[in-house]
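Notes follow the structure.
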Number of protein chains: 2
Amino acid sequence: MAAWRAYLSASHLLERRVEEQLKAESGLTHAQYEILARLSDAPDRRLRMTELARGVVVSKSGLTYQIGQLEKRGLVERATCPSDDRGVLAVLTDRGVECLRRTAPGHVAVVREVLIDLLTPDELEMMTRVMSKVEAATRASAGPLP
Amino acid sequence: MAAWRAYLSASHLLERRVEEQLKAESGLTHAQYEILARLSDAPDRRLRMTELARGVVVSKSGLTYQIGQLEKRGLVERATCPSDDRGVLAVLTDRGVECLRRTAPGHVAVVREVLIDLLTPDELEMMTRVMSKVEAATRASAGPLP
DNA sequence: TGGAGGTTGTTCAAATTCGAACCACTGGAG
DNA sequence: CTCCAGTGGTTCGAATTTGAACAACCTCCA
């Protein structure tokens with residue numbers, strides 16, 4: 001359980017640190033940044049709500065709320081899904097791309113400072129492998145998304 | 001950044017999974033469980049509010065709130081600090097100890113299932129070392145507790 | 001002694017999150 | 001064609017979290 005305790009403290013501290021930096025530099029929440037980043041990597045910079053929710057690991061209602069916030073700021077738009085009238089597509093706007101472009105460097109710098117740069121290449125490789133294993137196992141274990 | 005993305009997904013999923021299990025089995029929040037666990041390990045099962053807040057990595061106001069909740073359920077009491085009239089000690093009650101004793105096995109089982117048992121001994125050792133490094137670095141970098 | 005400056009814990013409003021309930025729509029079975 | 005279980009999103013209420021503002025208290029120096 002020593003590993004678990006160390007992990008817990010580290011993860012809480014990382015979250016606080018990243019949150020603080022993002023909020024100060026760009027006024028974005030970490031959750032919001034993750035949403036923008038996911039959209040930015042998606043084909044056509046758009047994703048179905050449910051798929052996006054899975055990706056960033058947040059509840060459906062949580063995503064609805066955050067997309068609403070991002071829409072207010074003009075960083076994201078909603079579009080109806082052509083193949084399914086129920087579906088909603090979250091689309092990253094040009095303003096969203098711009099915001100991300102401006103914000104990413106500072107964010108990446110902090111992540112390097114508090115995590116990446118502390119690890120040897122071996123540790124980094126193992127970390128990635130371990131976390132991927134954990135992700136796969138956890139997604140399989142309980143309901144993929146309630 | 002692949003390591004970071006993997007870490008983010010895994011940590012969110014872990015948190016959800018653990019939260020779900022605790023809430024279902026004992027009606028405790030993960031934050032509340034961490035508080036009880038910390039108190040249980042402390043000498044005389046009591047800690048100063050600020051020290052406890054540092055330990056579980058939560059804001060002062062957040063801790064005040066959670067201690068209030070735990071007090072309502074009789075799992076924790078407040079005692080005034082003998083050496084400092086401002087100070088407040090959070091004290092784990094017998095009911096609190098009992099609750100923790102009842103809850104811990106299920107919690108530990110889930111943690112093993114989604115993390116510990118997936119790792120080789122080498123990986124576990126490295127994980128602990130890495131997370132401790134991250135914790136130390138992050139605590140040093142920004143203000144210890146705002 | 002007399003504060004000045006820093007700590008400690010609480011209160012307050014605002015933001016975020018979740019789960020449950022709810023509609024609208026899809027995709028087959030009959 | 002019609003109905004019906006299942007999906008996809010949103011809405012709603014409740015719980016939690018945070019930072020800023022406060023009040024009480026300690027510490028140490030002139």
Side-chain angles (χ1 to χ4, degrees), chain A residues 12-13 15-24 27-35 46-73 76-91 142-146, chain B residues 12-13 15-24 27-35 46-73 76-91 142-146:
Chain A
H12 290 163
L13 286 164
E15 181 59 30
R16 284 175 82 87
R17 184 84 173 74
V18 168
E19 189 79 35
E20 176 198 24
Q21 188 275 329
L22 278 175
K23 198 113 59 178
L28 285 175
T29 298
H30 189 196
Q32 295 173 344
Y33 182 91
E34 285 190 71
I35 291 174
R46 68 191 57 209
L47 282 173
R48 287 288 290 268
M49 294 293 277
T50 297
E51 194 178 354
L52 184 51
R54 263 178 210 285
V56 298
V57 189
V58 78
S59 65
K60 288 184 300 176
S61 43
L63 183 59
T64 294
Y65 173 77
Q66 285 298 4
I67 292 293
Q69 296 299 306
L70 292 170
E71 222 173 6
K72 277 187 202 165
R73 301 173 60 165
V76 164
E77 285 174 351
R78 281 177 217 250
T80 55
C81 179
S83 63
D84 187 338
D85 277 356
R86 301 167 294 184
V88 173
L89 290 167
V91 185
L145 252 201
Chain B
H12 289 164
L13 286 164
E15 181 58 30
R16 285 175 81 88
R17 184 86 174 73
V18 168
E19 189 78 37
E20 176 198 24
Q21 188 274 329
L22 278 175
K23 199 112 60 179
L28 286 175
T29 297
H30 190 195
Q32 294 173 344
Y33 182 90
E34 285 190 71
I35 291 173
R46 68 191 57 210
L47 282 173
R48 286 289 290 268
M49 294 292 277
T50 295
E51 195 178 355
L52 184 50
R54 264 178 209 285
V56 298
V57 189
V58 79
S59 66
K60 288 182 300 175
S61 42
L63 182 59
T64 294
Y65 174 77
Q66 285 298 5
I67 292 293
Q69 296 299 306
L70 292 170
E71 221 172 6
K72 277 187 201 165
R73 301 171 60 162
V76 164
E77 285 174 351
R78 282 178 216 249
T80 54
C81 179
S83 64
D84 188 338
D85 277 356
R86 302 167 295 183
V88 173
L89 291 167
V91 185
L145 253 200

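As the structure is a prediction and not an experimental result, all values here were calculated from the model. Within every chain, numbering begins at 1; the chains are lettered A, B, ... in the order of the sequence lines, protein sequences first and strands thereafter.
Residue contacts for B:E19: at a heavy-atom cut-off of 4.0 Å it reaches no nucleic acid atom on any strand shown.
Look at CD1 on A:I67: it is 16 Å from P on D:dG8, rounded to the nearest Å. A straight line from CD1 of A:I35 to P of C:dT16 spans 11 Å, rounded to a whole angstrom. For the pair B:K23 NZ and D:dA14 P, the computed distance is 16 Å after rounding to whole Å. In this structure, the CD atom of B:E20 is 10 Å from the P atom of C:dA20, given to the nearest Å. Counting to the nearest Å, the P atom of D:dT16 and the CD atom of B:E34 are 14 Å from each other. Protein atom CD of A:E71 is 14 Å distant from nucleotide atom P of D:dG9, rounded to whole Å. Between B:R17 atom CZ and C:dC18 atom P there is a gap of 16 Å when expressed in whole angstrom units. Following rounding to the nearest Å, B:H12 (NE2) and C:dT16 (P) show an atom-to-atom distance of 15 Å.
Scanning for side chain to side chain donor-acceptor pair (under 3.5 Å) contacts around A:Q21 gives A:E25, with sequence neighbours left out. A:H30 pairs by the side chain to side chain donor-acceptor pair (under 3.5 Å) definition with A:E15, not counting sequence neighbours. Residues that satisfy the side-chain contact (heavy atoms from CB on, under 4.5 Å) test with A:R48, not counting sequence neighbours, are A:E51, A:C81, A:D84, A:L89. In terms of the salt bridge (Lys or Arg N to Asp or Glu O under 4.0 Å) criterion, residue partners of B:E19 (sequence neighbours excluded) are, by chain and number, B:K23. For A:R78, the side-chain contact (heavy atoms from CB on, under 4.5 Å) test picks out A:M49, A:I67, A:E71, A:V88, with sequence neighbours left out.
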Audit row: A:L47, A:R54, side chain to side chain contact (heavy atoms under 4.5 Å, CB included) steps and yes/no: CA-CA 11 Å; A:L47 282 173; A:R54 263 178 210 285; over 6 Å; no

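The nearest heavy atom of DNA chain C to A:S83 and to A:Q69 marks one nucleotide each, and the one closer to the 5' end goes with A:Q69.
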Nucleotides 5-15 of chain C: protein proximity per nucleotide (B base, S sugar-phosphate only, - neither; heavy atom, under 4.0 Å): -BBSBBB---S

